[in-house]
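Given the structure is predicted, the values throughout are model-derived calculations rather than measurements. In the text below, chain A, chain B and the rest are named by the order of the sequence lines, each starting its count at 1.
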Amino acid sequence: MSLLSTVGRKLVEDTRNVLLTPVEAARDIRYTVRGVRNGEIPPTDPLKTVGATVGALLLVLLLLFPVYWILQAALSGTGASLYSSNGLSLLPEDPTLQPFIWVIGDLVVPAYNVTVDIPLTGQSLVFSTPELTFLDASAHGVDRPSQFKHFLWNSVTVAIPTVIISMCLIVPAAYALSRREFIFRRKILFLYVLMTQVGGGLGIALLIGLYAIYVQFGLNDSKLALAVYYAATAVPFNTWLLKTYMDGIPVSYEEAAVVDGAPPWRVVTEVIIPLSTAGLATVLIFTFLTGWTEFVVAQTLLTTENYTLPVGLYALIDEYSIPWARFSAFALTFATPIMLVYLFAQRYIEGGLSFSGMEG
Amino acid sequence: MRTVSRLTQRVERIPFIEQEDYSLLFVLPGLFVFAAFMLFPVLYLVGLSFTDAAPANLFAGEGSFAVLTFGEATFVGLKNYTDVLADPEFWNSFGVTWLYVATSVALKLGLSISVAMVVTSDRVRGRRIMRSLIILPMGLPAIFTITVWRSMFSSADFGLINQLFEQFGAEPVAWLSTRWPAFFAYNVTEMWLAYPFMVIITVSALQDVPEELHEAATVDGAGFLARFIHVTLPSIKRPVLFAAILTAAASFQQFLIPFVFNQGGPARANELIVVYGYREALSFSQYGRGAAISLIAVVFIGVFMWINVKRGKLADGVSDE
Amino acid sequence: VGVEEQGTDADAGGGESSNGTDSTTEEPAGSATAWYGLSDTELELREDIIAAFNEESSHTIKGGNIAEMQDRTTSAIPAGQGPETFQWAHDWVGDYYERGFVVDQSDELSVDLDQFTSAAAGAVQTDDAIVGLPFSAETVTLIYNADIVDKPPETFEEMAASMEAYHDSANGKYGLAMPFNPYFISGIAQAFGGRYFDPESDPVVGLDSEETVRGFEFMLDNLVPYMPNDPGFEPQQATFAEGNAAFAVNGPWYLATLNDSDINYEVTTFPSMDGGEFTPLSGIKMWYFSKAMEEGDVDATAGREFIEWFVTNEDHLLTRAEEQGHIPVLSSLAGSDDLPGPVRAYSEAVDQGIPMPTDPRMSDVFAALEEPVVQIFNGSQSPAQALAGAADEARSNWE
Amino acid sequence: MATLRVDSLRKEFDNGRIVAVNDLSLDVADGEFVTVVGPSGCGKSTTLRMLAGLEQPTDGKIFIDGEDITDVHARSRDVAMVFQNYALYPHKTVRQNMAFGLRMSTDLSSDQREEKVRETAAMMDIEELLDDKPNALSGGQKQRVALGRAIVREPDVFLFDEPLSNLDAKLRTTMRTEIQRLQDELGTTSIYVTHDQEEAMTMGDRIAILDNGILQQVGSPKHVYQNPVNEFVGTFVGSPAMNMLDVSVSTGDSVCLTNGDRFAYSLDGPVAQAVADAEVDSARLGIRPEDVAVSREPAESDIRAVVEVVEPIGSDNYLYLDLGESFIARVAADIEPTRGDTVGVQFDESDIHLFDTYGFSILSEKETERSPVTA
Amino acid sequence: MATLRVDSLRKEFDNGRIVAVNDLSLDVADGEFVTVVGPSGCGKSTTLRMLAGLEQPTDGKIFIDGEDITDVHARSRDVAMVFQNYALYPHKTVRQNMAFGLRMSTDLSSDQREEKVRETAAMMDIEELLDDKPNALSGGQKQRVALGRAIVREPDVFLFDEPLSNLDAKLRTTMRTEIQRLQDELGTTSIYVTHDQEEAMTMGDRIAILDNGILQQVGSPKHVYQNPVNEFVGTFVGSPAMNMLDVSVSTGDSVCLTNGDRFAYSLDGPVAQAVADAEVDSARLGIRPEDVAVSREPAESDIRAVVEVVEPIGSDNYLYLDLGESFIARVAADIEPTRGDTVGVQFDESDIHLFDTYGFSILSEKETERSPVTA
Ligand SMILES: Nc1ncnc2c1ncn2[C@@H]1O[C@H](COP(=O)(O)OP(=O)(O)OP(=O)(O)O)[C@@H](O)[C@H]1O
Ligand SMILES: Nc1ncnc2c1ncn2[C@@H]1O[C@H](COP(=O)(O)OP(=O)(O)OP(=O)(O)O)[C@@H](O)[C@H]1O
Ligand SMILES: [Mg+2]
Ligand SMILES: [Mg+2]
């Protein structure tokens with residue numbers, strides 16, 4: 001509970017920081033200008049800062065150019081293609097948000113009737129909540145929006161069990177590997193590091209075997225089974241990552257708790273877990289991403305109504321053509337949450353990946 | 001006598017969780033699930049590689065269980081392996097794959113370290129926002145991005161890269177239909193796919209470099225380059241090495257880029273090992289052979305990881321000294 | 001509209017696994033799954049049609065838009081997880097029947113194959129088995145931009161002159177836009193009498209025949225110079241769709257894209273070449289009787305009834321033709337005046353062409369040809385060289 | 001309130017390759033404050049951790065109030081420990097930090113806990129910090145909270161592991177008196193580990209000196225200061241350290257200590273007797289800096305020494321003399337020779353310490369007190 | 001060898017929200033060793049970092065040997081800095097660590113560098129560590145290497161930022177003398193920052209006391225100790241700290257200081273005059289612990305005080321008296337009253353410090369030395 005409120009507070013704080021950035025920047029500029037005017041700061045100094053920032057911006061723009069390229073296609077509306085023989089144009093000719101509206105579809109909170117019985121009178125009051133329309137797709141010329149929300153729901157219902165299951169598998173293991181000395185410990189660690197990548201591209205035959213097994217157990221088309229699979233693939237890397245992070249937490253916190261009379265499980269819940277927040281956040285995001293973008297296994301195991309976002313994205317393509325505008329809008333809408341999450345989880349991730357315990 | 005009674009007494013009084021070897025129990029569930037999903041298919045693959053499995057015989061039996069017992073495919077011993085090892089295409093593929101690993105890892109490292117340095121530089125304002133912007137590619141499904149890059153590397157004069165070339169007065173290049181340009185295109189795409197992860201790790205590592213070391217070096221008279229070589233690089237070596245090994249393995253197993261770009265072409269010249277396996281398995285419907293190729297690839301990547309993990313001491317932790 | 005969408009949604013999400021043989025229920029209403037891989041432009045109409053069927057019939061059809069049809073069918077069908085039916089071109093008929101992925105339903109059918117054009121009727125059969133029903137044909141033919149070219153070329157010389165006049169690759173203007181892959185170029189490759197593959201003749205593989213080589217050489221000399229440098233489907237189709245090419249060779253699926261753009265296009269037949277006639281491979285789109293129909297239960301009935309209804313319902317077939325340029329293969333519609341002009345033109349092209357052989361070996365030929373075609377396009381191998389290699393490759397796969 | 005008894009405690013690490021604590025026995029009376037001091041790595045922390053139950057002794061027993069708790073789990077021992085780096089849970093507020101032990105080891109209601117925490121916080125003067133996170137606190141405040149966390153549990157025994165070593169000099173002195181005041185008030189038996197002999201001396205009712213895992217001497221600070229049993233204790237306790245000089249002993253008609261050609265010092269009285277009894281011919285002579293009397297005008301009988309460095313510390317001056325390596329005399333602030341001056345040096349026979357070549361005190365008749373005293 | 005001059009240096013952080021150093025001016029003579037001391041956060045490190053060139057001053061100038069180097073990049077200044085946590089390059093051997101500065105800032109050949117490193121290592125007695133990595137060294141050894149690294153470059157100026165604060169008490173004392181010995185030998189101008197006043201006092205030729213970014217006083221340690229210009233300096237310098245008491249001043253026929261009902265203390269001579277001149281009616285009286293004379297039998301004229309705590313530190317005892325909050329008297333080890341005893345207290349007029357309510361010294365005629373001395 002307190003963890004949630006902590007996270008909430010941090011979020012608020014981060015948001016404020018992000019929002020205050022311009023204010024702070026303005027202050028910064030005023031101070032610098034005054035400094036330069038008074039001759040306190042050599043004029044080259046702010047110039048260097050500006051130069052460096054502009055350089056960095058250019059680099060970021062260059063890196064993100066493909067993304068912009070996609071965005072450009074998305075904004076160009078139907079008929080857009082990434083292969084344009086019309087010459088290089090960096091701005092869409094007549095930009096339209098329609099593809100995005102098509103992706104998102106209606107945002108409508110339907111009307112509900114809330115009935116409250118008034119005791120004794122035998123009567124009841126009926127409140128109707130108004131229908132809230134945030135976005136009416138048909139008003140923007142989109143009659144049949146995509147199934148994005150449906151796929152999103154599927155993705156979320158796969159990703160959340162993935163995260164929960166993998167956390168259940170990873171956290172105790174990481175703790176044990178970090179803190180206890182037991183038989184096979186080093187062997188397991190070694191295996192995990194080794195398997196972080198080897199498991200990946202075993203190819204189509206693996207898929208056949210995997211699928212056959214799933215069917216054998218009647219588990220195909222089960223989002224939960226898919227989640228278990230994702231969790232399994234996430235185990236080695238993330239266990240190792242979290243273990244490394246936990247190595248950096250001083251043992252004295254646990255000892256303090258033990259001397260304070262805490263039983264082992266309380267030590268874990270009250271001390272270890274809260275102290276590993278950064279590591280946990282990192283692992284959480286990585287496990288989340290495992291399933292979020294995975295395509296091949298999902299499309300093999302799931303039937304249409306259970307399609308996750310990447311599969312849904314791919315179902316937009318047929319044999320001969322790619323509707324680039326919608327395709328791109330879909331993909332971008334799909335990727336934005338990741339960026340936002342990262343923006344807010346940045347300090348945890350960057351802290352959680354510091355490998356502070358790695359210096360052997 | 002005394003020791004014995006004391007021992008038993010201790011066993012009684014200390015909760016089992018504190019007894020070190022029982023801690024293995026914490027690791028087992030993860031290990032088990034992982035093994036079930038990853039090791040079993042590998043074993044299946046091993047079995048498959050000793051048969052002449054093809055769609056016609058593999059699916060000939062009744063129900064899915066028959067698939068697990070390889071249908072009506074017959075045991076052919078090491079034939080698949082000898083065939084593969086005798087195939088010149090395999091050795092070409094093998095060589096190209098390692099070359100690809102070498103070049104793409106070098107590029108990825110170079111780009112990621114430079115980008116990470118830029119977005120952590122004190123001089124740059126708005127670093128945090130930039131950092132979260134540049135990881136955007138991580139959120140896009142790889143197959144989507146690769147399709148997009150495929151379009152940019154179009155050999156047509158109006159392909160994006162060719163148009164950019166044209167802006168600078170260069171001749172358009174037939175990217176995907178000539179060997180080394182295609183190889184180059186793979187590398188650029190791979191670099192773009194992998195940089196977010198690498199940058200995240202490098203940024204974390206950079207932020208852990210003690211500022212004082214830089215200051216000490218500055219006072220010692222070191223310029224930017226000298227500080228980078230003598231302070232920054234050694235300090236971020238381990239995490240970056242770790243990321244490099246992971247990403248090397250990813251490069252080794254790259255499938256989508258060559259496949260989407262030009263099926264490992266032109267003329268199978270750039271067929272990375274997984275593409276080679278896929279082609280043998282599917283296009284020519286030889287699952288057994290495909291399995292053998294996959295396994296050979298797995299063995300190589302396994303050995304590669306093993307050597308690096310050993311050498312980089314990546315499995316060691318602080319408590320292992 | 002949103003409500004409607006949600007309705008189909010709930011419909012699709014609510015159903016149970018389709019292949020349960022629930023014989024205890026008395027109700028004859030079955031429920032079947034149909035798979036297809038459509039672009040979102042086509043998808044809407046398809047969903048409407050299925051909804052119409054579900055409305056009319058006691059049976060229920062659940063549609064599924066599949067991303068990778070081949071992967072999905074090869075893994076799901078043998079595992080008993082396949083749909084009752086799926087839609088694909090007829091080129092899998094032989095292969096899938098051999099593998100047991102699709103089944104013969106000739107005894108159960110209430111639709112007579114005579115109702116379809118002969119090519120279509122032939123396409124759905126293999127070894128006397130009827131493994132599906134056809135509903136449209138597809139092939140490639142010539143399309144021209146009426147703003148650039150005044151009238152359909154009568155001869156190839158005319159066409160070449162128009163291409164030459166318009167072509168200016170430095171400024172992004174091209175004479176021709178034709179995806180350079182075995183299927184799209186088949187009309188010209190086979191124009192001089194060559195055949196990729198003909199199970200009836202000897203040798204069956206005709207890739208390296210003199211005639212085929214000649215077809216490729218013709219393209220290399222007369223067409224490739226006017227084409228964008230990237231043989232892929234996307235860049236070629238975009239070039240014409242943006243009005244930057246005088247001609248295109250493409251299939252009916254392309255019409256939807258063209259209708260979306262403001263290109264003033266006309267569909268016509270490919271003019272005869274010196275000593276050659278445009279002979280494209282044509283494909284028949286069909287609903288396959290998938291393995292799940294083998295049991296013959298109500299679900300199979302549902303699937304079969306849906307297919308029969310789909311392939312014979314003139315209203316819907318016409319709508320498909322009008323809205324999306326599909327070429328009907330129902331004899332009563334094929335070539336009929338009710339069809340929009342472009343579709344009629346395609347219909348004629350289908351007559352010009354030869355149906356894709358249903359022999360399972362055909363796919364190997366295509367696989368073997370794919371890479372050499374690109375080589376030829378790039379000029380890195382001569383047609384004779386490349387095609388000889390392709391033929392060897394194809395044959396070696398059968399040993 | 002409890003007595004603590006440690007009986008030939010031994011701790012080996014690395015399968016016996018390292019003996020961190022060797023046969024350590026100690027009796028601590030109820031309410032006593034014992035400081036344990038020794039150089040780094042001498043086994044102080046290990047000892048303390050065994051008392052807390054964080055390490056299992058290899059051998060030996062630990063009794064609290066006469067009850068053998070050697071095999072009792074740390075969690076069930078009624079001891080509280082204050083760690084060197086405070087080990088405050090960074091994610092909990094001060095209040096939660098303090099209440100944690102109560103939550104874990106008692107079944108007090110939430111209100112009762114709150115009440116206790118408040119009381120203790122008032123006692124430690126950290127009431128207004130209760131809602132802060134440890135990171136927001138200064139070093140001294142953290143230290144107070146760490147103490148508060150231990151105190152609030154009202155344990156039988158307090159264990160302190162160098163609790164002040166992360167603080168700066170000024171704060172250290174303040175916290176020192178604070179801890180003493182608290183212990184006076186609470187009267188809880190305490191073991192206090194430090195490597196700072198001054199801290200050990202000023203704080204302890206008794207001081208235990210460890211070296212190399214072996215207990216060297218236990219006694220009241222003053223007693224230990226005046227009667228070190230061996231050279232290690234002599235030089236370890238006191239700052240600046242006791243000056244040591246090699247002397248040869250001649251026990252003819254008069255007992256005489258000769259330091260090369262620098263000086264000869266004749267003994268008489270009980271000291272001479274003790275030296276003669278020891279029958280040694282060389283020894284180490286120890287003399288504390290404050291016992292070195294320096295006169296600017298050397299008298300005839302004085303030992304002469306050249307001043308190497310003059311170090312003013314405000315209240316006094318330290319003179320580094322060339323009698324031995326860093327031989328220091330502590331003199332009043334107004335005695336200010338300059339470098340290179342020759343001064344006269346004297347020391348009183350009663351201030352002399354003499355150790356044999358094994359380091360043991362020769363004048364050991366002074367060593368009377370070895371059994372524990374109760375305060 | 002160089003002089004160092006700092007001219008109204010100012011440093012702001014956070015766009016002027018924090019003023020870390022405020023108008024600091026200081027002249028350091030060639031070869032002088034100046035210690036800068038002050039509480040945590042007073043701006044010591046910031047000052048040093050500006051001297052090193054690691055921070056750009058907001059205002060003011062820095063001269064080395066008369067040359068304005070304010071805008072010279074750190075890399076080009078000929079200064080060497082020793083960091084608090086040593087900042088040794090962990091991946092380089094000791095040899096490489098020491099040679100790095102030479103490689104970067106000189107164009108010596110590899111052999112010449114090697115030679116220099118060897119020489120310096122010999123001087124620092126770390127020759128046998130040359131091939132070790134820093135992680136394998138103990139704290140003291142690391143400190144030696146860090147010093148060696150600075151020395152080997154033979155810079156104009158040494159800057160030390162609390163170089164000893166990570167060492168334990170014993171080692172600190174040893175290293176202290178070592179640094180002094182080195183500086184004596186090398187004669188390099190040095191600025192030494194510490195928060196430990198004892199370190200500052202014993203090491204510095206002159207000591208500069210900073211508080212809140214503002215320079216409070218500069219002078220020889222002894223002068224500062226005896227003549228603090230304000231209460232802050234008075235209490236900061238000296239350990240235990242100067243005792244402070246609130247007194248009211250009555251300047252009738254005789255000048256008299258009254259501390260509530262505890263005592264009245266009449267002044268005469270120059271002190272009385274100075275107090276009378278200051279025209280204040282209340283003041284703070286400061287008296288150093290060693291200037292408090294305690295007699296076990298209080299005489300009639302004595303101030304009476306009750307002993308609260310007796311703290312033996314071996315050589316002396318500290319008596320905590322109830323005259324004020326932690327009012328300490330330092331007495332000889334043989335004066336051992338017990339808790340609760342009443343003792344007589346006296347102090348000499350010449351030892352008294354008086355500060356006005358703003359904290360400034362009233363007896364300021366003593367304050368003569370404010371300009372730098374050259375050692
Ligand atoms: N877990 C351990 N494994 C191996 N050796 C250990 C362990 N803990 C301590 N030691 C060794 O035991 C000896 C005593 O260590 P201990 O920590 O008790 O010293 P200490 O007196 O507390 O020192 P310090 O003043 O540095 O804290 C040292 O030689 C140390 O290396
Ligand atoms: N980079 C910075 N940004 C903002 N404020 C700073 C920065 N560096 C120092 N300060 C502030 O300047 C003031 C002086 O800091 P400085 O580090 O010089 O103190 P110090 O005397 O060295 O303290 P300590 O003894 O703790 O090292 C402090 O209030 C500190 O918070
Ligand atoms: Mg310790
Ligand atoms: Mg500082």
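- Remark: the backbone N or O of B/Phe26 is not paired with any side-chain donor or acceptor of A/Tyr175 at under 3.5 angstrom.
- When A/Val235, A/Leu289, A/Leu332 are compared by the number of non-hydrogen pairs under 4.5 Å with chain B, A/Val235 comes out ahead.
- Side-chain contact between B/Val33 and A/Tyr229 is absent, with no heavy-atom pair separated by less than 4.5 Å.
- Looking at B/Ile293, neither its backbone nor its side chain comes within 4.5 Å of chain A, counting heavy atoms on both sides.
- Between A/Trp240 and B/Phe242, the two ring planes are parallel [angle under 30°; tilted spans 30° to 60°].
- In summary, the side chains of A/Thr53 and B/Arg125 do not present any donor paired with an acceptor at a separation below 3.5 Å, with no hydrogens or angles considered.
- Only the side chain of B/Pro137 comes within contact range of chain A, judged by heavy atoms closer than 4.5 Å.
- Within the 4.5 Å cutoff, no side-chain heavy atoms of B/Leu31 are placed close to those of A/Leu169.
- Aromatic pair B/Trp192/A/Phe65: ring centres not closer than 6.0 Å.
- Per-residue counts of heavy-atom pairs under 4.5 Å with chain B were compared for A/Pro172, A/Gly55, A/Ala231; the largest is that of A/Pro172.
- The parts of A/Thr49 that come within reach of chain B are both its backbone and its side chain, each placing non-hydrogen atoms under 4.5 angstrom from that chain.
- Comparing A/Val60, A/Leu63, A/Val50 by how many heavy-atom pairs each has under 4.5 Å with chain B, the most go to A/Leu63.
- Top candidate by heavy-atom pairs under 4.5 Å with chain B, chosen from A/Ala176, A/Ala56, A/Pro66, is A/Pro66.
- Between A/Tyr192 and B/Phe34, the ring-plane angle classifies as perpendicular under the 30° and 60° cut-offs.
- Contacts of A/Phe237 with chain B are made by side-chain atoms alone, with heavy-atom separations under 4.5 Å and no backbone atom involved.
- Per-residue counts of heavy-atom pairs under 4.5 Å with chain B were compared for A/Ile70, A/Leu309, A/Ile188; the largest is that of A/Ile70.
- Heavy-atom pairs under 4.5 Å with chain A peak, among B/Tyr195, B/Phe255, B/Phe252, at B/Tyr195.
- Heavy-atom pairs under 4.5 Å with chain B peak, among A/Val228, A/Leu313, A/Val251, at A/Val228.
- The ring of A/Phe334 has its center no closer than 6.0 angstrom to the ring center of B/Phe144.
- Closest non-hydrogen pair, B/Leu136 versus A/Ala335, comes out as CD1-O, 4.2 Å.
- The candidate with the highest count of non-hydrogen atom pairs below 4.5 Å against chain A, out of B/Phe304, B/Phe32, B/Phe197, is B/Phe197.
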